[in-house]
Amino acid sequence: MARALRIARYGLYTTDPNPRVGCVLVRDGEIVGEGWHERAGEAHAEIHALAQAGERARGATAYVTLEPCCHHGRTPPCTDALIAAGVARVVAAMVDPNPKVGGEGLARLKAAGITVESGLMQAEAEALNHGFIMRMRHGRPYVRCKLAMSLDGRTAMANGESKWITSQTARHDVHRLRARSSAIMTGAGTVLADDPALTVRLDGSDQVQGIRQPLRVVLDTHLRTPPQARLLDAPGRALIVTASRNQELHDRLARDNVTVVTLPEAAPAHPALAALVHPWTSQNGGIDLPAVMRHLAAQQINEVLLEAGPVLNGAMLRAGLIDELIIYMAPHLMGDAARGLFHLPGLGSMDQRIALDILDIRAVGKDWRITASVVSHTKWDK
């Protein structure tokens, strides 16, 4: 199963919106076939492994990182192929969270006389497909928030200058993070201040094949994005999400590769928080962030990389919509006047802290990359 998980990662940048899956066939203690899902619409991992094994698949054990599918999509059911090949045993790392499968694949194999097991290295399998699992179970993408900061937690100087906080090595690492994402999301303020392209830029030395450009998403309450913004003309597709119904502004931005969509306004802020509202949760036409996530999930977006300023970062965190933080920390100080990571007004006591679980810390060039999951959100609304 460890081998199956390792080869499943070969599809890290290419399977979207499908999950990354690996399969290893073993007979008499010997690997006779293996494969991974390479691209949506193409053969699944089990089919590649069976093709490699040929007749040696009969009586073998299939170790697969996700329960085999049992429904007709763009490809036939993998359960049928495993049964036809005469596989004797199937071990799945996890049950498929897709309601079209959800245990039915293993049940069909069992009904055909195949021994089935599940749960082996389940945590590792889930970590490979956080986004797919989140979308299937909760109807929203998995959100990673990428941040670059100084040692004293600052993301930009007081005048907005931020190029460059981290080293070229760290910035290169970010492009690999972008490459695995379904979408990169930012706010209109970042577009106006930095004019980012929000594209994946990797060269041949990265050994990453078949990269597609993630969907670029801009949350723009009042449609302030300029028509000449770089991200609108960059390769791939862009989505502008707004609360504005001004058709003239919509038409100014829409083009073949750019979609402008109007989503519901956010619910009015609690009266006690009236002085703390900001454009994303305001009482006068902010964007409903959970609605944004539901819309992205409907577009089969599994993983969102949030690259934004402190206001949108803070709003997403407060809304409980950030699952993981990727923080690149540079070895320098930027001072008290510089800008922080999150705009989180109203935290006044220690019990309102937002708890994090540090998952990984490692050196990336001269910088440090900290990966943390969000354990709890603020209590200031309680």
Side-chain angles (χ1 to χ4, degrees), residues 143-178 181 183-199 201 216-221 224-225 229-231 276 278-281 289 304-347 352-356 358-374 377-378:
V143 179
R144 293 184 179 89
C145 180
K146 187 275 294 181
L147 301 149
M149 71 175 193
S150 60
L151 192 60
D152 52 349
R154 304 299 175 175
T155 64
M157 301 305 292
N159 63 1
E161 182 185 359
S162 61
K163 293 183 179 180
W164 295 103
I165 292 175
T166 54
S167 66
Q168 184 175 352
T169 304
R171 298 196 300 275
H172 185 84
D173 194 62
V174 170
H175 281 279
R176 296 184 70 89
L177 193 58
R178 286 181 175 182
S181 303
I184 305 170
M185 190 169 80
T186 193
T190 298
V191 173
L192 291 169
D194 298 335
D195 193 22
L198 297 184
T199 54
R201 299 185 292 279
R216 299 180 296 280
V217 181
V218 180
L219 303 193
D220 188 353
T221 305
R224 298 181 297 152
T225 299
R230 292 174 63 207
L231 63 83
L276 305 176
H278 48 67
W280 309 108
T281 56
L289 293 176
V304 170
L305 182 63
L306 178 62
E307 296 192 35
V311 173
L312 180 53
N313 288 342
M316 287 285 290
L317 189 61
R318 178 176 169 179
L321 296 174
I322 292 179
D323 303 292
E324 187 176 298
L325 303 178
I326 308 290
I327 304 170
Y328 294 87
M329 184 173 67
H332 53 240
L333 305 174
M334 294 171 64
D336 293 348
R339 301 177 183 180
L341 298 173
F342 296 93
H343 178 62
L344 293 171
L347 272 73
Q352 294 177 327
R353 290 174 297 176
I354 297 170
L356 305 176
I358 303 297
L359 305 176
D360 182 75
I361 301 178
R362 66 183 61 203
V364 179
K366 295 180 179 180
D367 307 310
W368 289 90
R369 187 183 71 200
I370 303 169
T371 303
S373 62
V374 180
H377 296 276
T378 180

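For the numbers below, each heavy atom of this structure counts, side chains included, while hydrogens, waters and symmetry mates do not. Just so it is clear, the structure is predicted and the values come from calculations on it, not from any experiment.
The minimum heavy-atom distance linking Ala183 with Val217 is given by the pair CB-CG2, 4.1 Å. Here the closest non-hydrogen pair linking Leu356 and Ala372 is CB-CB, 4.3 Å. Taking all atoms of both residues into account, the shortest heavy-atom contact from Ala319 to Leu289 is CB-CD1, 4.5 Å. Taking both residues in full, the closest heavy atoms of Thr155 and Met334 are given as C-CE, 4.3 Å, listed atom of the first, atom of the second, then distance. For the residue pair Val218 and Gly187, the shortest heavy atom distance occurs at CG1-C, 4.1 Å. Here the closest non-hydrogen pair linking Ser181 and Leu305 is OG-CB, 3.5 Å.
To the nearest 0.5 Å, the span separating CD1 on Ile370 from CE on Met329 amounts to 4.5 Å. If you take CD1 on Ile184 and NZ on Lys146, they are separated by 9.5 Å, rounding to the nearest 0.5 Å. Rounded to the nearest 0.5 Å, atoms CG (Leu219) and CE (Met185) are 4.5 Å apart. Here the CG-CG distance, from Asp173 to Leu177, works out to 7.0 Å after rounding to the nearest 0.5 Å. The line from CG of Leu306 to CZ of Arg144 is 12.5 Å long, rounded to the nearest 0.5 Å. Taken from CD1 in Ile165 to CG in Leu151, the straight-line distance is 12.5 Å, to the nearest 0.5 Å.
By the 4.5 Å heavy-atom criterion applied to side chains, Ser150 and Leu333 are not counted as neighbours. The side-chain heavy atoms of Gln168 and Arg171, taken from C-beta on, include a pair separated by under 4.5 Å. Using a 4.5 Å heavy-atom threshold, the side chains of Cys145 and Ile326 count as separate. Phe342 places a side-chain heavy atom less than 4.5 Å from the side chain of Leu147. Residues Thr186 and Arg216 form no side-chain contact, since every pair of their non-hydrogen atoms from C-beta on lies 4.5 Å or further apart. In this structure the side chain of Thr169 never reaches within 4.5 angstrom of the side chain of Lys366, judged on heavy atoms.
Remark: Arg178 engages Glu307 in a salt bridge (charged side-chain N to carboxylate O under 4.0 Å, His left out) (not counting sequence neighbours).
Enclosure of atom CG in Asp336 is not indicated, since only 12 or fewer non-hydrogen atoms of other residues, nucleotides or ligands lie within 6.0 angstrom.
Remark: the Thr225 side chain and the Asp220 side chain contain an N/O donor-acceptor pair separated by less than 3.5 Å.
Proximity of a side-chain donor or acceptor of His343 to a complementary backbone N or O of Pro310 within less than 3.5 Å is not detected. Formation of a donor-acceptor pair under 3.5 Å by the Asp195 side chain with backbone atoms of Ala229 is not found in this model.
The only member of Asp360, Ile361, Thr166, Ile327 that meets side-chain contact (heavy atoms from CB on, under 4.5 Å) when paired with Arg369 is Asp360.
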